[in-house]
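Below: the structure, in structure tokens.
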Amino acid sequence: MKIQNYINGQYVNPIQDNWLDNLCPANGKVYGQIPNSSKDDVEIAYNAAKTAFPSWSQTTLETRSRILIKISELLETNILRFAEAESKDNGKPISLAKSVDIPRAASNFRFFGNAITQFASESHESVGQNAINYTLRQPIGVVGCISPWNLPLYLFTWKIAPAIAAGNCVVAKPSEVTPMTAFLLGEICNEAGLPKGVLNIVHGLGTTTGQAIVEHPDIKAISFTGGTETGAHIARVAAPMFKKLSLELGGKNPNIIFEDCDYDDMLETTVRSSFANQGQICLCGSRIFVEVSIYEKFKTDFVAKVKQLKVGHPSEENTNMGALVSKPHLEKVMKYIEIAKLDNGTILCGGNKVIVKGYENGYYLEPTVIEIQTNECRVNQEEVFGPVVTIMPFKTEDEVLQMANSVNYGLSATLWSNNLKRTMRMSNQLQVGIVWVNTWMMRDLRTPFGGVKASGVGREGGFEALRFFTEAKNVCIKY
Ligand code: NDP
């Protein structure tokens, strides 16, 4: 099957007719081709977006809202088709794609379809000077959206929906590793009546197609989610061109467990926050710190539960963990297990590849729990982004806070405790953008989302995203 670019409302081949293989992580086989788009394809997409902008930016909010909500409804109607495509392309369990990825992609369009009708700007009366200021929030023009492979349609639409809701036109690139649902999205946009050129999807490598979007002198803003190194590179390219930048990058998130937590709830959620989506979520709590008084009990119970997780073919409904996204990624994750051993880590469970019968070349790995000796070891400092977590005990709040804040990253943290004062005190002091207390990954799309330190710059979500995708212009009138 050949995936095509979606430009100006039409599916088209890359102009140089170059293609890349698309692999299925569940069996390691090539199952299609995707465009290896060049700078020229990006230019055509940019021109389509530029042509569409004058009209789209003047479309009433009601019309924009109606179209976005229609896209959302069509995604819901087609949930099975999209979930199957996502699962096949990414290796994630079909149950997860059906319950999280595709419903969330639909919610992204519905949410921003509604949010744009509530988005308001400010006015300031200059008292005593006979003047009033009002602020316009104008769309930027043509913007670029670049997303990663772990939550393909979920993160792709998390950028596109606010961008077009705010009146911009978009040139977007999904990860070349997981292009399928972005490809299908074009059909839905046409059916929902999105005018041609408002959204343009160009497939290809990050280093060529992605780079061409970032380098384009007239693409005025870049919203990027991906690895920290790529984010730093994009910032270096975009900053001298004075582009607006939103960077959602890596994480190395602490999961801090105190003795006074609701134990069963904590245990169940910690299995999920460790291994959901094969641990390939930037928010996964990959560093588990447990108060020493319950450490041994936690260790026994946690490992027992993790051993029950079923690693299997993503299309089977009872699979808890599917395949990792690609062979190089599997190799990277396995390398970290070896590094942990060299740093005196003890593998409490997992650590090996899983051979799934009939799919021997798939990229399966056991959920892995490593007991570490020191917070400074590499597996506790660097992002692994796979089904690997570390555990270690702590004695005091100060000690665990210091360890939690000791990494370069600062995306999210989870706290398990029923001591309200402590959770509020620690929430203030944790160097992260998101804190969950007695829960994990509970999302309200109105809230600001993003990280500090090497986890990124800027916030997505709610009106923050609409602010990013608009320019504020103040008008001062003297009367
Ligand atoms: P990458 O940084 O490798 O890629 C992300 C996207 O950027 C892909 O579409 C990629 O294309 C593209 N890209 C790569 N190089 C360039 C370039 N020079 N110019 C423009 N675009 C480029 O990340 P992964 O896809 O490997 O995703 C995993 C990372 O994403 C992890 O570090 C994870 O923590 C982070 N992430 C962060 C989240 C957050 O909200 N903070 C959420 C989810 C993931 P291609 O893949 O085709 O090469």
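When a ligand or atom number is given, it counts from 1 through the structure's own listing order.
Close N/O approach between Glu383 and ligand 1 is found [any backbone or side-chain N/O within under 3.5 Å]. In terms of N/O distances under 3.5 Å, ligand 1 is not approached by Ser455. Some N or O of Ser147 is nearer than 3.5 Å to an N or O of ligand 1, by distance alone. An N or O contact shorter than 3.5 Å is missing between Ile234 and ligand 1 by distance. Between Thr225 and ligand 1, not a single N/O pair is under 3.5 Å apart.
Considering only non-hydrogen atoms, atom 13 (N) of ligand 1 lies nearest to Gly206 out of Pro148, Ser412, Cys145, Gly206. Among Leu155, Thr230, Thr178, the residue whose heavy atom sits closest to atom 15 (N) of ligand 1 is Thr230. Summarising the contacts of atom 11 (O) of ligand 1 with Glu460, Gln211, His329, Lys173, the nearest heavy atom is found in Lys173. Distances from atom 38 (C) of ligand 1 to the heavy atoms of Ser175, Cys282, Pro179 put Cys282 nearest.
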- Test Asp89 against Asn22 for side chain to side chain donor-acceptor pair (under 3.5 Å), laying out the working first. CA-CA 8 Å; Asp89 218 21; Asn22 191 20; 3.0 Å; yes

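A side-chain hydrogen bond (donor to acceptor under 3.5 Å, both in side chains) check over residues 170-180, counting only residues at least two apart or in different chains, returns nothing.
For Gln431, the side-chain hydrogen bond (donor to acceptor under 3.5 Å, both in side chains) criterion is met by Lys453, not counting sequence neighbours.
Below 30°, between 30° and 60°, or above 60°: for Phe275 and Phe302 the angle between ring planes is below 30°, a parallel geometry.
Counting the atoms of ligand 1 from 1 in the order shown, those under 4.0 Å from a heavy atom of Leu411 are 41 (N). Close contacts between ligand 1 and Gly204 involve ligand atoms 47 (O) [criterion: under 4.0 Å to a heavy atom]. Here is the list of ligand 1 atoms found below 4.0 Å of a heavy atom in Phe449: 40 (O). Remark: ligand 1 atoms within the under-4.0 Å shell around heavy atoms of His233 are 18 (N).
A salt bridge does not link Lys335 with Glu338: none of the charged nitrogens is closer than 4.0 Å to a carboxylate oxygen.
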